Structure formats: structure tokens, C-alpha cells
2 protein chains.
Amino acid sequence: MSRRQDLIDTALKLFYTHGIHAVGINQILEEAGVAKQTLYNHFESKDSLVVAAVERRDDLFFEWLKGRVDSKAPGEEALLEMFDAVDDWVNGRVPSLSEFHGCFFINACGEYSDPSHPVHQRCADHKTRVFKLILAQVEKIKGAGAQAEELANALFMLKEGVIVKAHVEGDSQAAVKARKIARSML
Amino acid sequence: MSRRQDLIDTALKLFYTHGIHAVGINQILEEAGVAKQTLYNHFESKDSLVVAAVERRDDLFFEWLKGRVDSKAPGEEALLEMFDAVDDWVNGRVPSLSEFHGCFFINACGEYSDPSHPVHQRCADHKTRVFKLILAQVEKIKGAGAQAEELANALFMLKEGVIVKAHVEGDSQAAVKARKIARSML
DNA sequence: ACGAGTATAGACAGATCGGTCTGTTTAGGT
DNA sequence: ACCTAAACAGACCGATCTGTCTATACTCGT
């Protein structure tokens with residue numbers, strides 16, 4: 001069980017850092033210190049290792065974000081904490097998420113554009129989970145309804161924009177700017 | 001000159017559809033109907049073809065977006081037109097940009113995460129150009145200043161969020177939702 | 001202490017990768 | 001009609017890719 005986890009963690013780190021197609025199986029094996037046959041005892045193909053890595057990232061990231069959001073009073077404080085959390089992440093203050101290289105799920109969808117592909121589907125599910133996390137907090141303020149939905153969408157897209165701007169443009173202040181905007185929307 | 005352009009256009013289409021590392025030189029040559037040596041007469045390596053493809057996409061996309069924005073009255077109308085344009089794009093109504101597969105520059109940065117890499121740098125430049133396009137329109141309303149900058153950032157990140165949400169989650173309404181939010185901010 | 005299950009190293013296969021080289025054919029300008 | 005430049009097809013190179021196979025060693029419950 002530990003070998004399997006080593007493989008997933010190593011693969012995730014390499015995929016996130018260099019992209020998925022750019023990383024070969026042999027590189028993962030060497031870095032993880034695991035024999036090739038062991039990999040194929042646990043996974044039937046590279047593709048299924050990729051899927052496992054995406055699922056691992058989903059867990060890691062979502063639980064981290066939820067932890068941060070839940071650490072504050074529900075509603076406005078929790079939502080602003082999300083932008084503080086992202087600020088920490090993009091500026092390399094969250095070691096458990098690895099050095100920042102953008103959103104792994106966005107990156108993965110760039111390599112698996114077909115929406116019916118298992119990798120893409122997992123990424124979609126992840127984003128939907130995060131959206132619902134935001135929506136739940138918005139509803140603490142606005143109650144359920146179309147207005148809450150709209151605001152949650154705004155905050156979600158703003159957050160995605162932060163990640164993109166931070167990664168592509170290298171803007172370390174993106175999250176701070178977005179937090180200010182978010183506050184004026186709440 | 002036409003062969004060179006054929007190669008760039010074919011490479012761009014394939015890179016955008018499948019990702020960059022997933023597409024081999026031979027696939028590009030076959031699709032473009034060009035001999036291998038011809039490619040290496042025009043480009044010194046695959047990498048320089050990749051750079052040329054990114055630059056081509058920058059031209060294509062920016063000129064298209066600018067054309068749409070400039071087609072409306074400067075200021076609010078122009079900014080809302082941007083979201084209409086993105087709505088057309090993500091829903092496949094802009095053939096000149098190829099079938100929608102997210103933002104090529106975001107995708108490329110997922111594969112070239114190192115900010116000093118020529119590919120990443122071109123992507124950063126592209127995003128900065130788009131930001132300035134937005135900023136110029138915002139300044140028609142607010143005048144130059146910190147407030148305009150903040151609003152431009154909000155609209156830029158919102159737009160990035162639309163693209164991500166549309167691609168990863170397959171949300172065809174993302175741009176419509178964002179337009180509504182943008183209108184309430186203007 | 002022994003047998004089963006799992007890990008190891010590493011050779012191997014077949015395909016594909018980026019890139020080079022050769023020799024032939026085509027196209028255009030004078 | 002001829003010369004030059006460019007594009008052609010495709011063999012070839014060494015490296016790397018995913019995945020298989022073999023044969024050996026370790027680990028652990030009974």
C-alpha cells in the first residue's frame with residue numbers, strides 16, 4: 001500500500017511540475033525508487049496512474065481549501081479567507097500543495113481536452129466541488145436562490161482568474177487584488 | 001512563405017486540440033502535407049515551431065478580440081461586448097479560432113511552467129496585452145487611476161474564469177453569467 | 001522455518017520521438 | 001532552355017516511450 005502511494009505522490013509532483021505527457025514512466029520510477037513491475041502490479045497503465053494522481057490532487061487540494069475556509073466564521077469571513085488561502089498558495093507558502101505551477105486541473109484539461117476522458121471528468125468534478133463549497137458560504141449570507149448562485153459564480157470565476165493571472169503572468173499580487181474586489185461584492 | 005505558414009497553422013491547430021507534448025513532428029508534417037526537411041529549413045527545432053505557433057495564436061486571438069471590442073462604443077458597451085465575444089468563442093461560433101479547447105496560453109503554460117521559457121514568456125505577454133486592452137476601455141469610463149486598474153483587474157480575472165469554467169466544467173453559460181456580473185460592476 | 005505474496009533489477013520488445021541525410025523532382029526567373 | 005532554390009519522399013540515427021518478461025530477493029503470517 002505504501003508503494004502505491006509513493007508512486008501516486010511522485011507522479012503527481014512530476015505531472016504538476018512538468019505536465020503529464022512530458023513525464024515518462026521511467027522518470028517516475030526512478031524518482032520514487034520503485035521497480036517497473038511494481039507499478040504495473042498496482043496500475044494497469046500510465047493512464048490509470050494519471051487518473052489516480054488527479055484524484056489524489058483533488059483530495060489534497062479540496063481538503064486544504066475546505067480547512068482554510070472552515071477556519072473562519074461562515075459567510076463573508078470564510079469567503080475572504082479563501083482568497084487569503086489562494087494568496088498563500090500562489091506565493092509558495094503552502095508546502096503540502098507543492099511549489100505553485102498553476103491549477104493542476106486546468107493544466108490537465110489542456111492535455112486532455114476531450115470532456116469524456118476520465119481525466120477531464122475528474123477535473124470537472126473537482127471544480128464543481130469547489131464551486132459548491134463557495135456557494136454554501138454565499139448562502140450563509142444571501143440565503144439560497146438565484147442571487148446567491150450568481151455571487152458564487154462571480155467569486156468562483158474570480159478565484160480561477162487569480163490562479164491564471166498568478167501563473168501565466170507571474171502576478172504575485174493577483175489574490176490580494178481579487179480579495180479587495182470580492183470584499184466590495186459582499 | 002506559404003509552406004511555413006501551413007506548418008504554423010497546422011501545428012497550432014494540433015497543439016491547441018491535443019496539447020503540445022502530445023503532438024509529434026511527424027503528425028504535423030502528415031497533416032500539413034509537407035516534407036520533413038522543409039520543416040527544418042524553416043525552423044531549427046520543434047521548440048521554435050512551438051514558439052511560432054504561440055505567436056500566431058497571439059496575433060489571431062488578440063486581433064479578433066480587439067476587433068470585437070472596437071466594434072462597439074468605447075467604455076461599457078465595448079467591455080460587455082468582450083463577454084459576448086467570449087460567449088461566441090466558447091460556444092463554437094468563431095471558426096477562425098478553431099473549436100474551443102480552453103485558452104491556448106493557459107494550456108501552454110501548464111506544459112511550460114518555467115516562467116523564463118520562451119513559450120511561457122509569450123503567453124505572459126499575450127495576457128498582459130489583453131489586460132491592457134481591457135484597461136484602456138475601463139479608463140474611458142473611470143479615467144486613469146487606481147480605481148480603473150482595480151476594475152480592469154476584476155474584469156480580466158472574470159474573463160479568465162469564464163474560459164476556465166467553460167472548458168473544465170463544460171459550462172456553456174459561463175460567459176452569460178459573467179456578463180451579468182460585469183454589468184453590475186460597471 | 002517455510003511458503004505465498006510482493007518487491008527488486010534489468011533485459012527486452014515494438015513503436016515513436018526529434019532530427020539528419022541523400023537523392024530526386026518541381027517551380028520560377030532570366 | 002537553363003540554372004537555382006526549394007520541396008519532395010523516405011531511409012536512417014540514436015534516444016526514449018509504454019509495457020512485458022524473467023529471475024532473484026525480501027517480508028511476513030502461520
Side-chain angles (χ1 to χ4, degrees), chain A residues 1-57 104 107-108 110-114 117-120 122, chain B residues 1-57 104 107-108 110-114 117-120 122:
Chain A
M1 199 54 57
S2 169
R3 286 288 110 116
R4 185 188 163 90
Q5 203 53 240
D6 287 347
L7 284 167
I8 293 173
D9 287 341
T10 304
L12 174 54
K13 187 177 142 196
L14 290 172
F15 290 156
Y16 181 42
T17 303
H18 304 291
I20 296 171
H21 287 109
V23 174
I25 234 67
N26 294 318
Q27 190 182 348
I28 296 167
L29 294 171
E30 191 181 353
E31 184 109 350
V34 168
K36 187 172 277 198
Q37 187 54 46
T38 304
L39 188 154
Y40 285 99
N41 286 341
H42 289 290
F43 304 94
E44 66 169 9
S45 65
K46 180 189 178 180
D47 232 51
S48 67
L49 175 58
V50 172
V51 168
V54 172
E55 288 170 348
R56 171 76 174 136
R57 182 73 183 181
F104 182 59
N107 298 350
E111 299 197 62
Y112 295 87
S113 207
D114 177 0
H117 193 287
V119 168
H120 194 120
R122 258 87 173 175
Chain B
M1 198 55 55
S2 169
R3 285 289 109 116
R4 185 185 163 90
Q5 203 51 242
D6 287 348
L7 284 167
I8 293 174
D9 288 342
T10 303
L12 173 55
K13 187 178 143 196
L14 290 171
F15 290 156
Y16 181 42
T17 304
H18 304 292
I20 295 171
H21 287 109
V23 174
I25 235 67
N26 294 319
Q27 190 182 349
I28 296 167
L29 294 172
E30 191 180 355
E31 184 108 350
V34 167
K36 187 172 274 196
Q37 187 54 46
T38 303
L39 188 155
Y40 286 99
N41 285 343
H42 289 291
F43 304 95
E44 67 168 9
S45 66
K46 179 189 179 181
D47 232 51
S48 67
L49 174 59
V50 173
V51 168
V54 172
E55 288 171 348
R56 171 77 174 136
R57 182 73 182 180
F104 181 60
N107 298 350
E111 298 196 62
Y112 295 87
S113 206
D114 178 0
H117 193 287
V119 167
H120 193 121
R122 257 87 173 176

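In this text, all values refer to a predicted model and were calculated from it rather than measured experimentally. Throughout, a chain's letter reflects where its sequence line sits, starting with A, and its residues are numbered from 1.
The side chain of A:Arg3 approaches C:dT8 more closely than any other nucleotide in the set C:dT8, D:dC8, D:dT20.
Relative ring orientation between B:His117 and B:Tyr112 is described as tilted, the plane-to-plane angle lying within the 30° to 60° band.
Across the protein-nucleic acid pair, B:Tyr40 atom OH and D:dA9 atom P stand 16 Å apart, rounded to whole Å. We find that CG of B:Leu49 is positioned 14 Å from P of C:dC17, with the value rounded to whole Å. Rounding to whole angstrom units, NE2 of residue A:His42 and C1' of C:dA7 are separated by 9 Å. In this structure, CG of B:Leu39 is placed 11 Å from P of C:dT20, rounded to the nearest angstrom. Rounded to whole Å, atom C1' of D:dC8 lies 13 Å from atom CG of B:Leu7. One interatomic measurement links the two molecules: CD of A:Glu44 to C1' of D:dT20, which rounds to 15 Å at whole-angstrom precision. Taking atom CZ on B:Phe43 and atom P on C:dG19, their separation rounds to 13 Å, with Å as the unit. Summarising the geometry, the separation between CG on A:Asn41 and P on D:dG19 is reported as 14 Å, rounded to the nearest angstrom.
Dashed line: the shortest gap from a side-chain N or O of A:Ser45 to OP1 or OP2 of D:dT18 is not under 4.0 Å.
Not counting sequence neighbours, the partners of A:Gln37 by the side-chain hydrogen bond (donor to acceptor under 3.5 Å, both in side chains) test are A:Asn41. For B:Thr38, the side-chain hydrogen bond (donor to acceptor under 3.5 Å, both in side chains) test picks out no residue, with sequence neighbours left out.
Residues in residues 14-27 of chain B take part in no salt bridge (Lys or Arg N to Asp or Glu O under 4.0 Å) pair, two or more places apart or across chains. Pairs of residues two or more places apart, or lying in two chains, never qualify as salt bridge (Lys or Arg N to Asp or Glu O under 4.0 Å) while including a residue from residues 37-46 of chain B.
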Listing, residues 17-28 of chain B side-chain donor-acceptor contacts under 3.5 Å, not counting sequence neighbours, or none:
unit_1, atom_1, unit_2, atom_2, d
B:Thr17, OG1, B:Lys13, O, 2.7
B:His21, ND1, B:Glu111, OE1, 2.7
B:Asn26, OD1, B:Lys36, NZ, 3.0

### Message
How would you summarise protein contacts on nucleotides 10-17 of chain D per nucleotide, using B for base, S for sugar-phosphate only and - for none, with heavy-atom distances below 4.0 Å?
### Response
--------

